[in-house]
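Worth knowing before you read on, the calculation uses all heavy atoms, side chains too, and leaves out hydrogens, waters and symmetry mates. For clarity, every value in this text was computed on a predicted model and none was experimentally measured.
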Amino acid sequence: MKKTLNLRSMAAQTIEQVVEQGQSLSNVLPAMQQKVSDKDRALLQELCFGVIRTLPQLEWLIGKLMSRPMTGKQRTIHYLIMVGFYQLLYTRIPAHAALAETVEGAVAIKRQSLKGLINGVLRQFQRQQEELMAEAAKHESRFLHPSWLLQRLKKAYPNQWQSIIEANNQRPPMWLRVNRQHQTREEWMALLAEKGLEGHVHPQYRDAVRLESPAPVQALPGFEEGWVTVQDASAQGCVDLLDPQNGEMILDLCAAPGGKTTHILEAAPKAHVMAVDIDELRLKRVHENLQRLGMTADVKVGDGRYPEQWCGNQQFDRILLDAPCSATGVIRRHPDIKWLRRDRDIAELAALQKEILEAIWPKLKSGGTMVYATCSILPEENFLQVAAFLAQHPEAKLVETGTAEKPGTQNLPSQEDGDGFFYAKLIKS
């Protein structure tokens, strides 16, 4: 029984590491999940993701119900109370159970003396829930985004910012990529239907299928055999645009975790692919993905700003640069991005992207194709970045994506579609 009682405190500690220490949820959560049973893993994930997603609203509620914030060593209690609010507002856990187990969480983190305080705050919230939520509905915290990001979205998308934040606040759809080396998308969809699962094809990206409702990968036909990969539709769009061909030398830069590397090899199994990333740890995932799909690529640790260090004088027929970015297009998958990013990061990221673009462009053969992509929806990282590059490089020609005035194609996140993503396709003349 003890473990279930600890789930709330484990969630509170995980959330504290993300918000207070700037750790990524996808790094912190798996270690916590290993300590609990499979059934509890899903609940722990739900509590952590849910609180991070709705953080501004929960912060506002705490401000209303407590005269002063918990600080120092008591800070975990602040997040434990949030976990309590989240259960009462957004889960089907019976209120008495949510309350009892959240209060009990104080024991697990050796703050027994604060059980009364937690109980009092949560019960007060229950009593005032209706009027508090009515007031919250008029407050900026209802958008569940930090104000710096709200301001940027309003400026960049005066008519669409509300639908963007709405999409960001949803749970993400599950997109798959069918391996065309094994069967056509239609053939695989038939196998899916036999399993009693429903899928929808993407109208634009040839390998993409959205599941009607998310399912464990073990339930997908041929997952272990490499027939299908979990990958967002918008991310798949990169390789459709790159249009890799057999026999070519192709560079996948900033390649981890390897979704695009393996997609290139599904599209052109006889291409020579070099997959480069600066993060040695994340390159393990590239190796795992290649292994599951029975593919080989030249995988290297390297910094995109200094290509001669890892490719010497080598030149490439095609380059896919999925540049490091703010990841503001994938917030629904990684809600912690809202709290890990700062306003000042955007200018720094744009400077880094420019540096990588300038360094890697000479490595593209004459007549070669480069796709510059980000999972951002901010203009500074996207069309403004590409416009500045085109102005400096008359030998770079924009094709298939956008116009000279507004270069590139910007996907925005939406419920039936892929994540927020930007692409610009350039040919070196």
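- Counted within 6.0 Å of NZ on K154, heavy atoms from surrounding residues, nucleotides or ligands total more than 12; the atom is thus considered enclosed.
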Exercise for the section: Check the pair I250, I319 against side-chain contact (heavy atoms from CB on, under 4.5 Å), reporting the backbone distance first and the verdict last. Expected result: CA-CA 6 Å; I250 300 174; I319 296 176; over 6 Å; no
Problem - Check against side-chain hydrogen bond (donor to acceptor under 3.5 Å, both in side chains), E59 and S141 - result: CA-CA 9 Å; E59 284 281 12; S141 62; over 6 Å; no
Practice task
Please test Q13 against Y79 for side-chain contact (heavy atoms from CB on, under 4.5 Å), starting from the C-alpha separation and ending with a verdict.
Solution key: CA-CA 8 Å; Q13 289 168 299; Y79 295 104; over 6 Å; no
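- Electrostatic pairing of R318 and E248 counts as a salt bridge here, judged by a charged N lying under 4.0 Å from a carboxylate O.
- With R41 contributing its side chain and Q33 its backbone, the two residues share a donor-acceptor pair below 3.5 Å.
- The aromatic ring centres of W361 and Y372 sit 6.0 Å or more apart.
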Practice task
I would like to know whether R75 and E16 meet salt bridge (Lys or Arg N to Asp or Glu O under 4.0 Å); could you show each step before the answer?
Solution key: CA-CA 8 Å; R75 194 68 182 152; E16 184 178 16; 5.9 Å; no
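- Listed by first and then second residue, the salt bridge (charged side-chain N to carboxylate O under 4.0 Å, His left out) pairs involving residues 265-277 are R177-E266 (not counting sequence neighbours).
- To the nearest 0.5 Å, atoms CG (L378) and CZ (R341) are separated by 10.0 Å.
- For N246, the CG atom counts as densely surrounded, since its 6.0 Å shell holds more than 12 non-hydrogen atoms of other residues, nucleotides or ligands.
- In this structure, K363 is not positioned above the aromatic face of F316 in the sense of NZ or CZ being under 6.0 Å from the six-membered ring centre and within 45° of the axis.
- The ring pair (Phe, Tyr, Trp, His ring centres under 6.0 Å) test applied to H139 returns W60, not counting sequence neighbours.
- For the pair N382 (side chain) and S376 (backbone), a donor-acceptor distance under 3.5 Å is present.
- Across P394 and Q392, no two heavy atoms sit closer than the pair CD-O, 3.5 Å.
- Of all heavy-atom pairs between L47 and Y86, the closest is CD2-CD2, 4.1 Å.
- The aromatic ring centroids of H202 and W175 lie less than 6.0 Å from each other.
- Panel note: side chain Q17, backbone T14; no donor-acceptor pair is recorded below 3.5 Å.
- Remark: Q87 CD to I93 CD1 distance equals 4.5 Å, nearest 0.5 Å.
- Remark: D252 CG to L320 CG distance equals 5.0 Å, nearest 0.5 Å.
- Pairs of residues two or more places apart, or lying in two chains, that qualify as salt bridge (charged side-chain N to carboxylate O under 4.0 Å, His left out) and include a residue from residues 156-176 are E46-R171.
- In this structure a side-chain-to-backbone donor-acceptor pair under 3.5 Å is present from Q236 to Q231.
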Exercise for the section: Show your reasoning for whether salt bridge (Lys or Arg N to Asp or Glu O under 4.0 Å) applies to E135 and K64. Expected result: CA-CA 10 Å; E135 195 183 336; K64 282 283 175 190; 2.8 Å; yes
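- In this structure, L89 and L58 have side chains that are in contact, with non-hydrogen atoms separated by less than 4.5 Å.
- Looking only at side-chain heavy atoms (C-beta outward), E308 and N313 stay at 4.5 Å or farther from each other.
- The ring pair (Phe, Tyr, Trp, His ring centres under 6.0 Å) analysis of residues 403-429, with sequence neighbours excluded, yields the pairs F421-Y423.
- The distance from the CD atom of Q410 to the OG1 atom of T401 is 12.0 Å, given to the nearest 0.5 Å.
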Practice task
Give the intermediate values and the outcome of salt bridge (Lys or Arg N to Asp or Glu O under 4.0 Å) for residues E395 and K428.
Solution key: CA-CA 6 Å; E395 78 286 7; K428 187 188 260 189; 5.8 Å; no
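- A salt bridge does not link R305 to E358: none of the charged side-chain nitrogens sits closer than 4.0 Å to a carboxylate oxygen.
- Take P146 and apply the side chain to side chain contact (heavy atoms under 4.5 Å, CB included) test, not counting sequence neighbours, and it matches W148, L149, K338, W339.
- Side chains of V276 and V299 form no contact here, defined as non-hydrogen atoms less than 4.5 Å apart.
- At distances below 3.5 Å, at least one donor-acceptor pair connects side-chain atoms of Q245 with backbone N or O atoms of D243.
- Counting all heavy atoms, side chain and backbone alike, V83 lies closest to A11 at CG2-CB, 4.1 Å.
- Aromatic ring orientation, W227 versus H182: tilted (interplanar angle from 30° to 60°).
- More than 12 heavy atoms of other residues, nucleotides or ligands shown are found within 6.0 angstrom of CD on E186.
- The two residues S147 and E140 come nearest to each other via the heavy atoms CB-OE1, 3.4 Å.
- Taken from CD in E381 to SG in C375, the straight-line distance is 8.5 Å, to the nearest 0.5 Å.
- Sorted by first then second residue, the salt bridge (charged side-chain N to carboxylate O under 4.0 Å, His left out) pairs that include residues 202-218, not counting sequence neighbours, are R180-D207.
- D345 places a side-chain N or O within donor-acceptor distance of the main-chain N or O of R342, the cut-off being under 3.5 Å.
- Using modelled atom types, one side-chain atom of Q315 and one backbone atom of P362 make a donor-acceptor pair closer than 3.5 Å.
- Checked by atom type and distance alone, the side chain of T54 never pairs as donor or acceptor with a backbone atom of Q57 at under 3.5 Å.
- Each of V286, V273, L265, D322 was compared with K260 under the side-chain contact (heavy atoms from CB on, under 4.5 Å) criterion, and only D322 meets it.
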Practice task
Please assess E400 against T409 for the test side-chain contact (heavy atoms from CB on, under 4.5 Å), listing each intermediate value before the final yes or no.
Solution key: CA-CA 9 Å; E400 291 173 50; T409 300; over 6 Å; no
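- In this structure, K300 is not positioned above the aromatic face of W310 in the sense of NZ or CZ being under 6.0 Å from the six-membered ring centre and within 45° of the axis.
- Shown here for G420 and I377, the closest heavy-atom pair between the two residues is CA-CG2, 3.8 Å.
- Taking NZ from K425 and CG from L398, the interatomic distance works out to 10.5 Å, rounded to the nearest 0.5 Å.
- Annotation: side chain of D298 is not in contact with side chain of H272 (no heavy-atom distance under 4.5 Å).
- Remark: side-chain polar atoms of S234 are paired, donor with acceptor, to backbone N or O of D419 under 3.5 angstrom.
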Problem - Working for side-chain hydrogen bond (donor to acceptor under 3.5 Å, both in side chains), residues N168 and H145 - result: CA-CA 9 Å; N168 286 350; H145 280 57; 3.0 Å; yes
Exercise for the section: Could you walk me through whether T229 and L176 pass the side-chain contact (heavy atoms from CB on, under 4.5 Å) test, one step at a time? Expected result: CA-CA 6 Å; T229 294; L176 306 168; over 6 Å; no
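- Of the possible polar contacts, none joining the E198 side chain to the A193 backbone as a donor-acceptor pair under 3.5 Å is found.
- Here the closest non-hydrogen pair linking A275 and A255 is CB-CB, 3.8 Å.
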